[in-house]
Structure formats: structure tokens, C-alpha cells
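Data first, discussion second: the structure below is written as C-alpha cells.
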Amino acid sequence: MTVMLISHEIDARVRAAVEEAQRRDLLPTVAPPDVVVERPQKPEHGDFATSLPMRLARAARMKPLEIAERLVSLMPGDDVFERVWAAPPGFINFVLHPRWLGRQVDEVRRAGEGYGNLDVGAGTRVQVEYVSVNPTGPIHVGHARGAVLGSALAEVLAAAGYDVTREYYVNDAGSQMDAFYKSLYARYAQALGQDVPLPPEGYQGQYMVELGQELARELGDRFLAMPQEQAVRETGEIGLGRMLECIQQDLEMIGVRFDVWFRERSLYQSGQYNKAMGLLRQGGHTAEREGALWFTSTALGEDKDNVLVRSSGLPTYFASDVAYHYNKFVERGLQRVINLWGADHQGHVPRMKAVVGALGIDPSRLHIIIVQMVSLRRGDEVVKVSKRTGELITLRELVEEVGPDACRFFFLARSPESQMDFDMELATKQSADNPVYYVQYAHARIAGILRLARERGIDWSDGDVSLLAHEAELALVRKMVLLPELVESITRTLEPHSLPHYALELATAFHWFYQQCRVVSSVPEDAAITKARLKLTEGARVVLARTLHLMGVNAPDRM
RNA sequence: GUCCCAGUAGCUCAGCGGAAAGAGCGGCUGCCUUCUAAGCAGCGGGUCGCGGGUUCAAAUCCCGCCUGGGACCCCA
């Protein structure tokens with residue numbers, strides 16, 4: 001299915017007009033800048049506009065308004081744009097035709113849940129890797145933000161025609177895991193009355209005590225009989241499995257799922273770690289110093305070199321990441337990779353880009369989105385730890401208190417690079433005044449209207465959309481047709497936070513229409529407009545539901 | 001000390017080169033005998049951190065400074 005993107009249509013028309021004008025000597029033959037299509041803030045400036053004449057003025061040595069007028073003369077209005085005009089100081093404005101808008105209502109209804117789907121991705125294989133929390137403990141609120149942003153971004157990319165893989169990188173190797181294994185064994189042994197101390201670097205959390213007790217309860221004391229090293233390994237393996245299950249279930253609570261749970265260990269087992277290191281060596285990007293193997297990133301303009309293999313012989317996390325990205329780009333042939341990392345990994349970005357380049361991969365294929373931290377508040381009170389467990393607030397606790405939809409909406413509404421305050425009081429206690437409910441309420445209202453119409457036996461399938469002429473009706477359609485534009489822009493900016501803002505605008509447009517226009521009328525003379533408005537209402541439901549689904553937020557039929 | 005992010009309405013945040021700065025919450029005023037008032041309409045509220053610069057045009061780009069957060073481990 002091919003949806004016409006209005007912005008692309010304008011781009012094409014303006015470019016064609018520039019060429020035509022140059023052919024006719026209305027404009028000097030200078031290279032035109034890219035056509036930037038914008039949406040004016042003021043309705044009287046049209047639905048879309050471009051400032052190309054002003055950008056062209058200097059090179060063309062003409063007055064911007066004059067350029068605009070000449071281009072406009074080559075772009076007469078038609079059945080898509082009712083009016084195209086030049087406006088000072090040098091804009092070209094476009095207004096969508098009311099009849100075209102009416103027809104879009106039918107287009108939306110025809111597309112149904114597929115409305116907003118595009119083929120701009122053209123099946124490009126793109127991976128979104130997000131969360132990837134070490135499986136040494138439960139998911140906390142900070143991780144949840146990346147989880148929500150990543151999952152929404154993946155949804156939008158899929159809608160835009162990309163072949164998307166949603167991936168969680170499981171760090172099941174390395175020193176953090178060793179500490180986890182040893183801590184778990186200690187807790188397990190302690191649960192059985194043994195005096196095994198927690199290692200110095202061990203995990204203190206209460207959840208480790210519980211996990212240890214769980215293993216003791218379910219599997220008995222048989223691990224105490226075996227050599228401790230083996231016991232640590234075996235209980236650790238079981239504990240890792242349980243932690244992963246727990247993480248998976250917690251993420252499921254906010255609708256976050258993955259196609260692939262990629263094991264760090266597999267990089268070593270498959271030999272890909274060795275291959276990646278070999279490539280770096282061959283490329284002359286490594287050096288041995290002080291008993292360690294270094295990635296010589298200073299030669300590539302970085303501030304410092306980075307250790308790949310410690311003098312102890314153990315690879316660093318960075319080395320694993322090198323192998324992992326080798327796996328992504330080379331072994332799996334992913335065309336684009338998008339990683340969402342927490343702010344604490346921000347310093348890691350330059351060397352990751354550098355090493356990808358050193359592996360012979362164009363670094364622009366790797367996008368790293370840094371997700372800033374979340375601080376929790378209840379009104380004016382800063383919330384750092386859970387009153388119940390005395391530890392950081394877990395995702396599970398947050399969702400249980402706030403609910404999945406509000407969680408997703410709030411996390412999604414802020415751009416990743418701004419540190420956010422999450423006010424649990426606002427998200428829960430005042431839930432009625434919550435933006436999430438505002439949007440969901442619009443959907444429920446729509447569902448209510450459609451329910452009523454069906455109960456009354458109205459068949460609106462032959463409704464005449466050309467009757468839609470009220471200001472509020474057209475304002476609603478104007479918002480509806482922006483969803484495909486939004487999907488397209490998110491694939492470029494990789495910023496899904498525009499989704500909730502759009503949802504709010506769409507809901508506002510519907511609520512206003514609802515206020516202005518009676519949909520299901522019992523007056524016989526209103527039969528035709530009732531059918532047309534039912535079509536519009538149904539279309540609005542499609543777009544609103546689709547927007548909510550892209551955000552992973554429920555679209556309730558009743559509230 | 002170096003690097004990254006942020007600083008916009010009382011609060012939480014959008015906008016990130018274009019035409020008179022936006023939303024939600026909070027405050028004030030109106031609107032329910034027909035489809036959900038979890039709604040609508042209106043009012044009030046801003047030196048876009050500060051100072052320079054670039055540009056026809058700067059909240060938006062560049063430089064410097066201030067404030068807050070984060071990162072600078074042979075941790076991940």
C-alpha cells in the first residue's frame with residue numbers, strides 16, 4: 001500500500017516548478033537548496049509551507065517574494081491543494097483541498113490498522129538494541145525509559161517498512177556475572193545455614209537473598225556436596241536463567257518484547273570474538289603494552305587508547321562489544337544498527353564509533369541514542385529508594401503503582417536527551433487529569449458513538465464524505481492525515497517522543513469536533529450528515545488507535 | 001581539568017534556522033433535558049540561563065561564561 005506523503009508531494013512539485021522556471025528563464029539556473037517543507041503555526045499560513053524562495057534569493061539575486069510569486073504561477077491549485085500562494089517575506093503556502101480531505105476519510109477507513117504504514121524503509125534490515133541490562137538484578141525505572149523508547153521506535157520503523165529486529169544483549173560473561181554467581185552461591189549456602197560470606201564485590205540486594213532461598217527450597221542442598229567452584233557455576237547458571245525470566249516478565253508488564261535475546265557468551269563460543277580481534281590486528285589497530293592488548297584509538301583521533309584484553313588475559317566489556325558489533329554488521333549483515341544506551345555509557349560512544357570504522361564498517365550505519373536519567377518524585381518529595389525493599393525503585397513497583405499506559409506515555413513524551421522528572425503523584429493520584437487518559441478518553445468516546453450508531457442500526461458505509469465541510473470536521477481530518485508524515489519523520493530523527501504530542505493534538509481535534517458537531521442525530525433530515533460524520537468518527541478511531549498502538553498504549557472502548 | 005546532556009509560563013516539558021513563542025498540570029470565568037463534562041470555550045501567566053557573534057531571519061547555529069546532571073577504571 002502506498003500512502004502519498006504530502007511533504008514529499010510538495011517537495012516534488014516545488015522542485016519541478018524550479019526546473020520549469022529555470023527552463024523558461026523566470027529564474028537563473030542556480031542549484032536550488034533542498035526543499036524544506038514545514039508546517040506553519042498559524043492556520044492562515046496554510047497547512048504546509050516552504051521558505052525555499054528566501055533560501056534561493058541570494059544565489060538567484062532576486063527578491064524572495066518575486067521568486068515565490070513566479071514559482072506559485074507554475075503551481076496552480078488542483079484537487080489536492082486548494083490554494084497555493086506566495087506570502088511575504090518569501091514563503092509559499094499550501095492549503096489542502098476540502099474535497100481531498102474528505103476523500104482521505106475513506107482512505108483511512110480502507111487502510112484500517114495499516115494506516116500510517118509506509119514503504120520508505122524498503123525492507124532495510126535494521127536492529128534496535130535496547131535495555132540490555134546486566135542480568136544481575138531486576139529492572140529499575142531508569143532502564144524502563146530506554147525500554148519504552150526503544151520499543152516504540154522499533155514499532156514505528158516497522159510501520160515505515162523497515163525489517164526490524166528488536167534485540168536484548170545479555171551480558172552473561174565477564175566480571176559482573178562472576179560477582180553475581182558468587183553472591184548467589186553465598187546466599188544459597190546461607191539459606192542452608194552455612195557460613196559463606198558475600199564476596200567483597202558482591203550484590204547486596206534483598207532479591208539475592210530471596211533467590212538464594214528459592215534455590216535452597218526448590219533444589220535442596222545438593223550443591224553443597226560438590227566442589228565450590230562447580231557449585232558456583234551450576235547455581236549461577238540456574239540463577240541467571242531465573243533473573244532473565246524475571247527481567248522478561250517485568251518488561252512484558254510495560255509491553256516491551258524482543259525478537260532476539262543475544263548471549264554475549266556466544267561470541268566466544270562461535271569464534272566471532274577471535275575473528276573480530278583478528279580483524280583489528282590485521283588493520284593495525286591494536287598494540288600490546290603493559291601486558292594488555294589495546295585498541296589504538298588515539299591513532300583515529302580519540303582521546304585515549306582502550307584496553308581490549310586485560311593483562312590477566314580476560315577480555316574487557318569493550319572487547320565483547322567490538323565482537324558484538326562485528327557480529328551485527330558483518331556476520332548478520334544488518335544494514336543499520338540503533339543502540340539505546342543509558343547516560344552512564346555516554347563516554348563509550350566515540351570509541352564504539354571508532355572501532356566500527358576500524359572494522360571497515362561505515363560508522364554512520366551505527367546510531368547510538370543516549371537516554372538520560374530519570375528521577376522519581378512524589379509531588380515535591382524526591383523518591384530514590386523503595387520504602388518496601390529499601391532499594392532502588394524497580395520497574396515492577398512503578399508499573400504496579402502507576403499502570404503501564406501512564407508509564408509508557410510519560411517516558412515516551414520526553415526526548416531521550418533530557419533528564420526527566422517522573423512525578424508519580426501526577427501519574428497516579430491525579431490520573432483523571434493525566435494526558436494519557438485525555439487521549440484514551442477520546443478513543444472511548446469514539447467507540448461509544450460507533451456503538452450507539454450500530455445499536456440504532458445505522459449503516460454508514462455509503463456515507464458521503466464530501467458533506468464534511470464544518471471547520472471542526474476538516475480540522476480533525478487535517479490532523480488525521482499527519483500520521484504518515486509523523487511516521488516518516490520519526491524514521492529520520494529516531495525520536496519517537498513526537499508520538500504522544502501528536503496523540504494529544506489528535507485527541508484535542510476530536511474533542512473539539514465532538515463539541516461542535518452532533519454525530520448521531522435523531523432528526524430525519526440529518527441522515528446524510530450523520531452517515532458522513534460516522535465515517536469521520538470511524539476514521540478518527542482508526543488513526544487514534546494506530547497512534548496508541550505505535551506507542552504501545554491501550555486504546556480502550558470504554559472508560 | 002577534559003568531554004556529553006540539560007537550562008523556554010508557578011510545575012513537568014514540546015518547539016531546535018523562518019511568518020505574533022506552545023501543550024499538559026495548577027489558578028480564574030463560563031458551558032451538561034439528545035452520542036461519555038475523564039470534555040469544550042475563554043482569561044491570566046515568558047528578559048526562551050547570561051554575554052558576544054554568524055544570518056535577510058536565532059529559543060533554534062558558533063564562541064565564551066553561569067547553574068544542574070552525567071561520564072572520564074585493565075567496571076559494565
Side-chain angles (χ1 to χ4, degrees), chain A residues 36 38 40-42 44-45 49-51 54-55 57-58 63-64 87-91 93 132-134 136 171 174-177 179 201 289-294 303-304 306-321 342-350 370-373 375 377 379-380 410 413-423 426 430-442 444-453 455-456 497-498 500-501 504-505 507-508 510-523 530 533-534 537 558-559:
Chain A
V36 179
E38 50 195 83
Q41 293 183 3
K42 299 274 152 191
E44 55 267 34
H45 295 142
T50 180
S51 60
M54 284 181 279
R55 298 167 193 281
R58 183 188 288 270
K63 287 186 174 176
F91 290 98
N93 297 333
S132 299
V133 177
N134 278 358
T136 54
N171 292 109
S175 56
Q176 303 275 325
M177 280 322 287
E201 297 291 313
R289 267 200 318 266
E290 301 151 36
L293 183 70
W294 297 72
D303 291 342
K304 56 189 179 83
N306 298 97
V307 173
L308 289 163
V309 183
R310 289 179 265 242
S311 47
S312 67
L314 288 174
T316 60
Y317 165 89
F318 177 53
S320 286
D321 245 12
D344 53 342
H345 285 64
Q346 151 263 114
H348 189 55
V349 174
I370 295 298
V371 182
Q372 292 292 336
M373 315 217 309
S375 47
R377 291 188 305 131
D380 292 332
F410 273 74
R414 273 104 180 111
S415 69
E417 66 265 24
S418 60
Q419 294 147 212
M420 78 176 276
D421 272 16
F422 191 113
D423 188 344
L426 196 94
Q430 304 178 343
S431 63
D433 296 319
N434 200 306
V436 195
Y437 296 93
Y438 178 84
V439 175
Q440 291 183 320
Y441 181 60
R445 258 188 164 173
I446 291 172
I449 295 171
L450 297 176
R451 232 174 3 247
L452 176 79
E455 280 163 16
R456 296 209 182 156
H497 69 273
S498 48
H501 293 99
L504 239 18
E505 287 176 15
T508 298
F510 177 78
H511 285 311
W512 189 54
F513 158 73
Y514 175 90
Q515 199 73 23
Q516 299 290 315
C517 304
R518 176 80 202 177
V519 178
V520 181
S521 169
S522 22
V523 182
T530 285
R533 284 175 177 167
L534 280 167
T537 303
R558 293 173 202 273
M559 282 174 76

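Labels below follow one simple rule: chain letters A, B, ... track the order of the sequence lines, proteins then strands, and each chain is numbered from 1.
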Can you measure [X] atom [atom1] to [N] atom [atom2] for me and round it to whole angstrom units?
{"X": "A:His348", "N": "B:G70", "atom1": "NE2", "atom2": "P", "answer": "20 Å"}
{"X": "A:Arg414", "N": "B:A6", "atom1": "CZ", "atom2": "P", "answer": "15 Å"}
{"X": "A:Gln516", "N": "B:A37", "atom1": "CD", "atom2": "C1'", "answer": "15 Å"}
{"X": "A:Lys304", "N": "B:C74", "atom1": "NZ", "atom2": "P", "answer": "7 Å"}
{"X": "A:Trp512", "N": "B:A23", "atom1": "CH2", "atom2": "P", "answer": "15 Å"}
{"X": "A:Met420", "N": "B:C11", "atom1": "CE", "atom2": "C1'", "answer": "14 Å"}
{"X": "A:Phe410", "N": "B:A14", "atom1": "CZ", "atom2": "P", "answer": "13 Å"}
{"X": "A:Met54", "N": "B:G18", "atom1": "CE", "atom2": "C1'", "answer": "5 Å"}

[atom1] atoms of [N] and [M], separation to the nearest Å:
{"N": "B:G46", "M": "B:C40", "atom1": "P", "answer": "25 Å"}
{"N": "B:A9", "M": "B:A21", "atom1": "P", "answer": "15 Å"}
{"N": "B:A23", "M": "B:G15", "atom1": "C1'", "answer": "10 Å"}
{"N": "B:A6", "M": "B:U12", "atom1": "C1'", "answer": "14 Å"}
{"N": "B:A59", "M": "B:C50", "atom1": "C1'", "answer": "14 Å"}
{"N": "B:G24", "M": "B:A20", "atom1": "P", "answer": "23 Å"}
{"N": "B:G45", "M": "B:C11", "atom1": "C1'", "answer": "13 Å"}
{"N": "B:U8", "M": "B:C16", "atom1": "C1'", "answer": "12 Å"}

Any [X] side-chain nitrogen or oxygen under 4.0 Å from OP1 or OP2 of [N]:
{"X": "A:Ser498", "N": "B:A14", "answer": "no"}
{"X": "A:Tyr514", "N": "B:A41", "answer": "no"}
{"X": "A:Ser175", "N": "B:C73", "answer": "no"}

Residue closer to the 5' end of RNA chain B, A:Asp303 versus A:Ser311 (nearest nucleotide) =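 Its nearest nucleotide being more 5', the pick is A:Asp303.
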inquiry  = For A:Tyr317 and A:Ala447, find the nucleotide of RNA chain B closest to each by heavy atoms; which residue's nucleotide sits nearer the 5' end?
reply    =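 Going by which nucleotide is closer to the 5' end, it is A:Ala447.
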Check: A:Val520 main-chain N/O paired with A:Arg518 side-chain donor or acceptor under 3.5 Å =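 Checking the backbone N and O of A:Val520 against the side chain of A:Arg518, a donor-acceptor pair under 3.5 Å is found.
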request  = Spell out, as yes or no, whether a donor-acceptor pair under 3.5 Å connects the side chain of A:Thr316 to the backbone of A:Leu308.
outcome  =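 Confirmed, A:Thr316 side chain pairs with A:Leu308 backbone.
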Considering only heavy atoms and no angle criterion, is a donor-acceptor pair shorter than 3.5 Å present between the side chain of [X] and the base of [N]?
{"X": "A:Gln419", "N": "B:G68", "answer": "yes"}
{"X": "A:Asp321", "N": "B:A76", "answer": "no"}
{"X": "A:Glu290", "N": "B:C74", "answer": "yes"}
{"X": "A:Glu505", "N": "B:A14", "answer": "no"}
{"X": "A:Arg445", "N": "B:G39", "answer": "no"}

Once you apply a heavy-atom cut-off of 4.0 Å, does [X] come out as touching a base, just sugar-phosphate, or nothing?
{"X": "A:Ser415", "value": "sugar-phosphate"}
{"X": "A:Ala57", "value": "nothing"}
{"X": "A:Ser51", "value": "base"}
{"X": "A:Glu455", "value": "nothing"}
{"X": "A:Arg377", "value": "sugar-phosphate"}
{"X": "A:Asp423", "value": "nothing"}

task = Please answer whether B:G18 and A:Phe91 are stacked, defined here as ring centres separated by less than 5.5 Å and planes angled under 30°.
result =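 It does not: the ring fails the test against the base of B:G18.
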Aromatic ring of A:His45 stacked on base six-ring of B:A19, 5.5 Å, 30° =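 It does: the two rings, one from A:His45 and one from B:A19, meet the stacking criterion.
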From [options], pick the nucleotide closest to the side chain of [X]?
{"X": "A:Ala292", "options": "B:U34, B:G70, B:C74", "answer": "B:C74"}
{"X": "A:Gln346", "options": "B:A71, B:C40, B:A76", "answer": "B:A71"}
{"X": "A:Ile449", "options": "B:C35, B:C13, B:G22", "answer": "B:C35"}
{"X": "A:Tyr437", "options": "B:A38, B:G18, B:C35", "answer": "B:A38"}

Could you pull out the protein-nucleic contacts involving nucleotides 53-55 of chain B (nitrogen or oxygen on both sides, under 3.5 Å)?
{"unit_1": "B:U55", "atom_1": "O3'", "unit_2": "A:Arg58", "atom_2": "NH2", "d": "3.2"}

note = Writing each nucleotide of RNA chain B 5' to 3' as (, ), [, ], | or . by Watson-Crick or G-U pairing under 3.5 Å yields (((((((..((((....[...)))).(((((.......))))).....(((((..]....))))))))))))....
inquiry  = For B:C4, does the O4'-C1'-N9-C4 or O4'-C1'-N1-C2 angle fall within 90° of 0, making it syn, or is it anti?
reply    =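 Anti conformation here, the glycosidic angle of B:C4 being more than 90° from 0.
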query = Is the closest side-chain donor-acceptor distance between A:Thr537 and A:Tyr514 under 3.5 Å?
reply =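 The answer is no; no qualifying pair exists.
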query = At what distance, to the nearest 0.5 angstrom, does OG1 of A:Thr530 lie from CD1 of A:Ile449?
reply =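 Answer for the OG1-CD1 pair, A:Thr530 versus A:Ile449, is 11.0 Å.
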inquiry  = Distance check, rounded to the nearest 0.5 Å: A:Arg414 atom CZ versus A:His497 atom NE2?
reply    =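 One gets 10.5 Å once the value is rounded to the nearest 0.5 Å.
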ask   = Do other residues, nucleotides or ligands put more than 12 heavy atoms under 6.0 Å from the CZ atom of A:Arg558?
value =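 Not more than 12 within 6.0 Å, no.
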request  = Please indicate whether A:Gln516 has more than 12 foreign heavy atoms, meaning atoms of other residues, nucleotides or ligands, lying under 6.0 Å from its CD.
outcome  =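 More than 12 within 6.0 Å, yes.
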task = Please say whether the positively charged group of A:Arg445, taken as NZ for Lys or CZ for Arg, lies over the ring of A:Phe510, i.e. under 6.0 angstrom from the six-membered ring centre and within 45 degrees of the axis.
result =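 No cation-pi geometry.
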